[in-house]
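Note that this is a predicted model, so its numbers are computed, not measured. One-based numbering along the sequence shown.
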Amino acid sequence: MSLNGLRDIFQAIVALEQNLSPFDYLQQQMEDILGDGGVLKELVHPGAGPPVPQNASVLLHFSGFLEYSDQPFETTTHLKHPPLMKLGRDVTLAGMELGLLTMRKGEFSRFLLQPCYAYGHMGCPPLVPAAARVLFEIQIIDFMDSGQVDEFVQLTPGEQNEFPVSKVIEVVNTLRSFGNRCFNQSRYEKAKERYKQALELLGNRENPSDAEQTEIQAALLPLYLNRAFTELRLDSPKKTLKYAKKALDINCGSAKALYRCAQAYVELQDYESAHGCLVKARARKPFDSNINNLLKKVTMCYKEHLDKESDLCRNMFPGWKKTPDDDSSK
């Protein structure tokens, strides 16, 4: 039996001896974060960094328990991807939101909520009875300051230009993080929206100085690459090519941009162009398995394509014969 299991048994025995309910016993070792006893907290595993800000979007796992029940009435632990929940919108329990604002990245805590901070005196039938205290176990995976993003994108381009470029890039990086989360969950249209929004913010910057332009270009490069990859997943090879080429305009030696171009050309069955991009990419990353594997595939497809063209010419012109100069293997 684990140490946690032994601790739970010990606590149950002590609670029985003191004639306390499980929640009554638990609250004795919890912190009153509001001062009115409405939201109590037990820190199980500390996190790091600053606490969750107001209106943030939080990536988390949680489970809700009723007293005397060892099975949660609601949980996210079975989900492949933890939900990304925005405070003030997706988090509907006041006590849960107040608890989240005390947490840090990587933290795992328990919160005991009185009914007025949970489901109220009506409860939430049939899962939660009336006037029920509930216990939430919450683990924060990560969070993003989406409140800052929401405020910034509501400004006019002129108002945005009053802020230093570092502020714009901070917002852009948050949007890109949102897009990456959506992409990793295969929500490609949502990812595309985030990348598009970030690109528009950078494009709205008026008359940047040389130093600011350098910062903007550095922020644009990963956005173009991410947008190119997203368009590839959305079966839009022409748009993939468009954004990969924009990335190459910033960094002509980007192996990743060359690789994305090659992938788009393969989808468009332009094997010659794909081959050229992959040769350049391999020169920069000679041991990259993705580049080398695609190059092998493209070389075979290109050879088959040339062979088919030769066969077509022979059928169209019966007197035509293949000469050494027509040998595609040379």
Phe62 versus Pro72: any side-chain heavy-atom pair under 4.5 Å?
-> no
Shared hydrophobic cluster for Val149 and Val91 (ILVMFWY, side-chain gaps under 4.5 Å) = no
Begin with the C-alpha distance, continue with both residues' side-chain angles, and end with the deciding distance and a verdict on side-chain contact (heavy atoms from CB on, under 4.5 Å) for Phe152 and Val168.
-> CA-CA 8 Å; Phe152 193 81; Val168 181; 3.8 Å; yes
Can you tell me how far CG of Leu79 sits from OG1 of Thr77, rounded to the nearest 0.5 angstrom?
-> 7.5 Å
Nearest heavy atoms of Glu267 and Pro237, plus distance in Å | CB-CB, 3.7 Å
Heavy-atom distance under 4.5 Å between the side chains of Phe111 and Met96, does that happen here?
-> no
If you link I, L, V, M, F, W and Y whenever their side-chain heavy atoms are under 4.5 Å apart, who else ends up in the same group as Leu84?
-> Leu59, Ile141, Met144, Phe178
How are the rings of Phe136 and Phe73 set relative to one another: parallel (under 30°), tilted (30 to 60°) or perpendicular (over 60°)?
-> perpendicular
Are Gln148 and Lys167 close enough that some pair of their side-chain heavy atoms sits under 4.5 Å apart?
-> yes
Connected via hydrophobic side-chain network under 4.5 Å: Leu223 and Tyr188 | yes
So, does Thr230 use its side chain to make a donor-acceptor pair with the main chain of Ala191 at under 3.5 Å?
-> no
Heavy atoms only: give me the nearest Gln213-Pro208 pair and the separation to one decimal.
-> OE1-CG, 3.1 Å
Is there a path of hydrophobic side-chain contacts, each under 4.5 Å between heavy atoms of I, L, V, M, F, W or Y residues, that connects Phe229 with Ile291?
-> no
CG of Leu100 to CD1 of Ile140, rounded to nearest 0.5 Å, is 5.0 Å
Atom CD of Glu272: over 12 foreign heavy atoms under 6.0 Å | no
Hey, are Asp270 and Ser273 close enough side-chain-wise for a donor-acceptor pair under 3.5 Å?
-> yes
Within a strict 4.5 Å, meaning less than it, do heavy atoms of the Asn226 and Phe183 side chains meet?
-> no
In this structure, CG of Leu66 is separated from CD of Gln71 (nearest 0.5 Å) by 11.5 Å
Just by distance, do the side chain of Asn161 and the backbone of Asn204 share a donor-acceptor pair under 3.5 Å?
-> yes
Roughly how far, to the nearest 0.5 Å, is the CD atom of Glu97 from the OG1 atom of Thr92?
-> 9.5 Å
Please walk me through it: do Lys246 and Leu220 pass side-chain contact (heavy atoms from CB on, under 4.5 Å)?
-> CA-CA 9 Å; Lys246 284 180 178 288; Leu220 281 170; over 6 Å; no
From CA spacing to verdict: side-chain contact (heavy atoms from CB on, under 4.5 Å), Tyr119, Leu93 = CA-CA 7 Å; Tyr119 296 94; Leu93 297 185; 3.6 Å; yes
Does the side chain of Val44 come within less than 4.5 Å of Glu137's, by heavy atoms?
-> no
Please answer: with hydrophobic residues joined when any side-chain heavy atoms are less than 4.5 Å apart, are Leu232 and Leu221 in the same cluster?
-> yes
Result block: side-chain N/O donor-acceptor pairs under 3.5 angstrom for residues 122-135, not counting sequence neighbours:
unit_1	atom_1	unit_2	atom_2	d
Arg133	NH1	Asp24	OD1	3.0
Arg133	NH2	Asp24	OD1	3.2
Arg133	NH2	Glu67	OE1	3.3

In short, Val165 meets Arg205 closest at the heavy-atom pair N-NH2, 3.5 Å
Step-by-step side-chain contact (heavy atoms from CB on, under 4.5 Å) determination, Leu101 to Leu87 = CA-CA 9 Å; Leu101 291 172; Leu87 302 187; 3.6 Å; yes
Heavy-atom distance under 4.5 Å between the side chains of Leu43 and Ser109, does that happen here?
-> yes
Looking only at non-hydrogen atoms, find the nearest pair between Leu268 and Leu241 and report the distance.
-> CD1-CD2, 4.3 Å
Could you tell me whether the side chain of Gln139 and the main chain of His61 form a donor-acceptor pair under 3.5 Å?
-> no
Are the side chain of Lys86 and the backbone N or O of Asn55 linked by a donor-acceptor pair below 3.5 Å?
-> yes
Taking NZ, NE, NH1 and NH2 as the nitrogens, is one of them in Lys41 or Glu107 under 4.0 Å from a carboxylate oxygen of the other?
-> yes
Out of Arg187, Glu193, Glu189, Lys192, which residue meets the side-chain contact (heavy atoms from CB on, under 4.5 Å) rule with Cys182?
-> Arg187
Leu175-Met85 co-clustered via ILVMFWY side chain contacts under 4.5 Å | no
Would you give the length of the straight line joining atom OH of Tyr224 to atom OH of Tyr195, rounded to the nearest 0.5 angstrom?
-> 15.0 Å
Distance-only, no hydrogens or angles: does the Thr102 side chain make a donor-acceptor pair with backbone N or O of Pro51 under 3.5 Å?
-> no
Find the distance between CD (Gln263) and OG1 (Thr240) and round it off to the nearest 0.5 Å.
-> 8.0 Å
Donor-acceptor contacts, no H, no angles, side chain residues 278-287, under 3.5 Å, sequence neighbours left out:
unit_1	atom_1	unit_2	atom_2	d
Arg284	NE	Gly253	O	3.2
Arg284	NH1	Lys280	O	2.9

Report yes if some heavy atom in the side chain of Arg104 is under 4.5 Å from a heavy atom in the side chain of Pro46; otherwise report no.
-> no
Where Leu225 and Lys256 come nearest, the two heavy atoms and their spacing = CD1-CD, 4.0 Å
May I ask you to decide if Leu248's main-chain N or O and Ser254's side chain share a donor-acceptor pair within less than 3.5 Å?
-> no
Any side-chain heavy atom of Phe163 within less than 4.5 Å of one from Glu170?
-> no
Taking all non-hydrogen atoms of both residues, which atom of Pro50 and which atom of Phe143 are closest, and how far apart?
-> O-CZ, 3.6 Å
